[in-house]
K.L.:
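Pasting in a structure now, in structure tokens, and then I'll have a few things to ask.
Quick note on labels: first sequence line is chain A, next is B, and so on, each numbered from 1. For the numbers below, each heavy atom of this structure counts, side chains included, while hydrogens, waters and symmetry mates do not.
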Amino acid sequence: MYDIEIGSRLLSDTPERVDDFRAYCERSHRYRASDDTRTFALEKAYWSLHGALEFQASEDDSRQRIVDLEMHLLAVLSRMEAYGVAFDRGKLRQIGSEIRERVRTLETEIFELVGEQFNINSTKQLQHILYDRLGFPASKKTKTGRSVDTEVLSELSKHYAVVGLILEHRTLRKLLTTYVEGLDKSVNPKTTRIHTTYRQLGAATGRMSSESPNLQNIPAWDELSDRIKSCFIASGHDRRIMVADYSQVELRLLANLSEDEALCRAFEGGEDIHMRTAKLLFWEHITITPDMRRMAKGVNFGVIYGITGYGLSKMTGTTPAEASRSIETFYARYPRVREYYDALLENARRTGYVATVFGRRRYLPTIRDANRMIRERTEREAINMPIQGSNADIIKYAMVELSSQFHEHGIDARMIMQVHDELVFDVASQAVERTAVIVRDVMEGVYRARIPLIVEIGIGEDWHAAKA
DNA sequence: ACAATGGTCC
DNA sequence: ACTCGGACCATTGTA
């Protein structure tokens with residue numbers, strides 16, 4: 001028996017859990033502890049968190065709350081990492097062969113059309129082929145030359161068929177190297193599962209990050225991505241994957257933080273929030289087209305990031321002027337949002353920091369910088385942090401609470417992944433119903449406000465099936 | 001080893 | 001002129 005005090009709490013009391021801590025220490029702090037130095041490793045993990053927390057929880061009433069949260073989460077994460085995610089390697093390799101075959105075909109076609117062979121993955125060689133050999137017009141520049149990113153290539157592909165093939169080739173190569181081959185290498189041969197490492201304070205806002213492999217940027221938007229996700233499976237035939245994600249959490253938080261009446265009502269009406277904003281932005285139109293809804297969705301997200309008209313226009317494909325008008329209209333329809341941001345920035349300039357609903361802080365020393373670019377960037381960081389950070393606090397708190405409730409109720413369910421506003425569980429089939437009730441109650445219950453958080457739950461044999 | 005470029009996620 | 005918040009990773013090419 002070991003008694004390890006982490007923070008102010010006694011968190012572990014069995015050898016198994018201490019080993020979990022040690023695994024966590026080794027994985028996340030690049031420190032390899034021998035058996036007789038486990039106490040030292042634990043202290044190191046503790047102090048590492050403690051040091052990072054100095055920046056996010058300096059002396060005030062909220063400090064202990066954040067420290068407690070992170071120290072409890074440390075144990076939860078160590079168990080998630082050690083347990084890992086079951087993975088269907090055979091299925092992944094099948095997908096890999098199919099992609100490889102298509103990539104080969106594309107390369108043949110591209111070389112045929114271009115009239116010579118070259119390395120399509122090389123930015124430098126691609127620039128030379130497109131702009132010098134073929135004489136296509138270059139539109140955007142990078143620091144060192146003429147850009148060949150997706151935006152530029154999409155425009156060119158309207159006129160030149162070969163560019164469309166190059167775009168497809170690039171997408172498939174990305175999928176193949178980063179995801180298919182990357183995930184294949186990440187399968188631990190001993191456990192046959194994938195064990196990521198979470199950086200608990202990986203982002204300045206309080207969010208976590210995931211590395212080796214990063215399970216927080218697995219593709220999600222097309223059929224091939226769905227197939228890759230379907231390789232993440234339940235750990236037995238009598239088990240299921242359960243996905244629980246917060247619906248529109250950042251906009252709901254904005255509604256609560258700003259107390260804007262129209263934004264609150266938009267949620268209380270139960271209507272699709274992007275459609276609701278579209279109707280407010282384009283009130284003079286009888287029908288809302290998909291383009292209008294896309295614009296509204298862009299504005300809704302953009303406002304959370306402290307958007308500029310220029311940035312929004314890049315995202316939605318409209319002109320900067322039209323994008324700026326939409327942003328102005330957004331603030332006119334949701335006036336308290338602008339007031340909230342004005343007050344937030346004023347406060348940040350005065351105190352030097354912004355904070356989440358839990359009191360987690362981000363210090364912004366450049367909020368009064370003489371350089372306008374730096375100052376405005378800092379203002380956008382200030383606007384984004386309370387929303388992104390509160391989201392992080394809330395889901396972290398839910399993770400700690402869920403872990404403890406599973407234990408308390410003897411539920412055969414394991415938390416296996418976190419993707420910012422989504423939790424994934426590996427659950428015994430017979431426990432699925434009870435687990436779903438607990439998951440929803442806890443996730444929705446950890447934060448209460450006028451506009452409540454809504455959790456959507458899906459169940460399936462794999463990660464994709466559970467989300468569908 | 002490292003910078004630059006590009007791409008994936010929330 | 002103007003590059004929207006927060007991350008991680010692969011590849012190429014230069015050092």
K.L.:
Using a 4.0 Å heavy-atom cut-off across all strands, classify A:Ala392 as base, sugar-phosphate, or nothing.
P.N.:
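No contact.
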K.L.:
Will you find, in the side chains of A:Thr366 and A:Arg375, an N or O donor that is under 3.5 Å from an N or O acceptor?
P.N.:
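A:Thr366 vs A:Arg375: no donor-acceptor pair found between side chains.
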K.L.:
Find the distance A:Leu183:CG to C:dA10:P and express it as a whole number of Å.
P.N.:
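Computing the A:Leu183:CG to C:dA10:P distance gives 10 Å.
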K.L.:
Within the 4.0 Å limit for protein heavy atoms, which parts of nucleotides 4-10 of chain B are touched? Write it as a string from 5' to 3', B for base, S for sugar-phosphate only, - for none.
P.N.:
SSBBBSB
K.L.:
Could you state the CD1-C1' distance from A:Ile304 to C:dG5, rounded to the nearest angstrom?
P.N.:
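Nearest whole value for this atom pair: 10 Å.
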K.L.:
A:Met373 near the nucleic acid: base, sugar-phosphate alone, or nothing, with a heavy-atom cut-off under 4.0 Å?
P.N.:
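Result for A:Met373 = sugar-phosphate.
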K.L.:
Between P on C:dC2 and CG on A:Leu312, what's the gap in Å once rounded to a whole number?
P.N.:
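That distance rounds to 18 Å.
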K.L.:
Mind calculating the distance between NE2 (A:His169) and C1' (C:dT11) to the nearest angstrom?
P.N.:
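In whole Å, C:dT11 C1' lies 12 Å from A:His169 NE2.
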K.L.:
At a heavy-atom distance below 4.0 Å, what parts of residues 334-366 of chain A sit against DNA chain C?
P.N.:
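Heavy-atom cutoff 4.0 Å gives A:Arg362.
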K.L.:
Is the closest side-chain donor-acceptor distance between A:Thr205 and A:Gln388 under 3.5 Å?
P.N.:
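The answer is yes; a qualifying pair exists.
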K.L.:
Indicate whether OP1 or OP2 belonging to C:dT11 is found under 4.0 Å from a side-chain N or O atom of A:Lys124.
P.N.:
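Answer no for this pair, as no side-chain N or O of A:Lys124 is under 4.0 Å from OP1 or OP2.
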K.L.:
Pick the nucleotide of DNA chain C nearest each of A:Gly202 and A:Gly298; which residue has the one closer to the 5' end?
P.N.:
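The residue closer to the strand's 5' end, by nearest nucleotide, is A:Gly298.
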K.L.:
Could you check A:Lys140 against A:Glu181 and say which one's nearest nucleotide on DNA chain C is further toward the 5' end?
P.N.:
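Residue closer to the 5' terminus by nearest nucleotide: A:Lys140.
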K.L.:
Scan the side chains in residues 242-253 of chain A for donor-acceptor partners under 3.5 Å anywhere in the protein, sequence neighbours excluded, and list what turns up.
P.N.:
residue, atom, partner, partner atom, Å
A:Tyr246, OH, A:Met443, O, 2.7
A:Arg252, NE, A:Ser247, O, 3.3
A:Arg252, NH1, A:Pro452, O, 2.8

K.L.:
Could you state the CZ-P distance from A:Arg380 to C:dC4, rounded to the nearest angstrom?
P.N.:
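Going from CZ in A:Arg380 over to P in C:dC4 covers 5 Å.
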K.L.:
Measure the distance from NE2 on A:His128 to P on C:dG13 and round it to the nearest whole Å.
P.N.:
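In whole Å, C:dG13 P lies 13 Å from A:His128 NE2.
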K.L.:
Give the C-alpha distance, both sets of side-chain angles, the deciding distance and a yes or no for side chain to side chain contact (heavy atoms under 4.5 Å, CB included) between A:Arg338 and A:Glu328.
P.N.:
CA-CA 10 Å; A:Arg338 171 172 276 171; A:Glu328 281 310 306; 3.0 Å; yes
K.L.:
Would you say a side-chain N or O of A:Asn121 is under 4.0 Å from OP1 or OP2 of C:dT11?
P.N.:
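For A:Asn121, the contact criterion (side-chain N or O under 4.0 Å from OP1 or OP2 of C:dT11) is not met.
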K.L.:
What is the separation between atom OH on A:Tyr310 and atom C1' on C:dC4, rounded to the nearest whole Å?
P.N.:
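About 11 Å, once rounded to whole Å.
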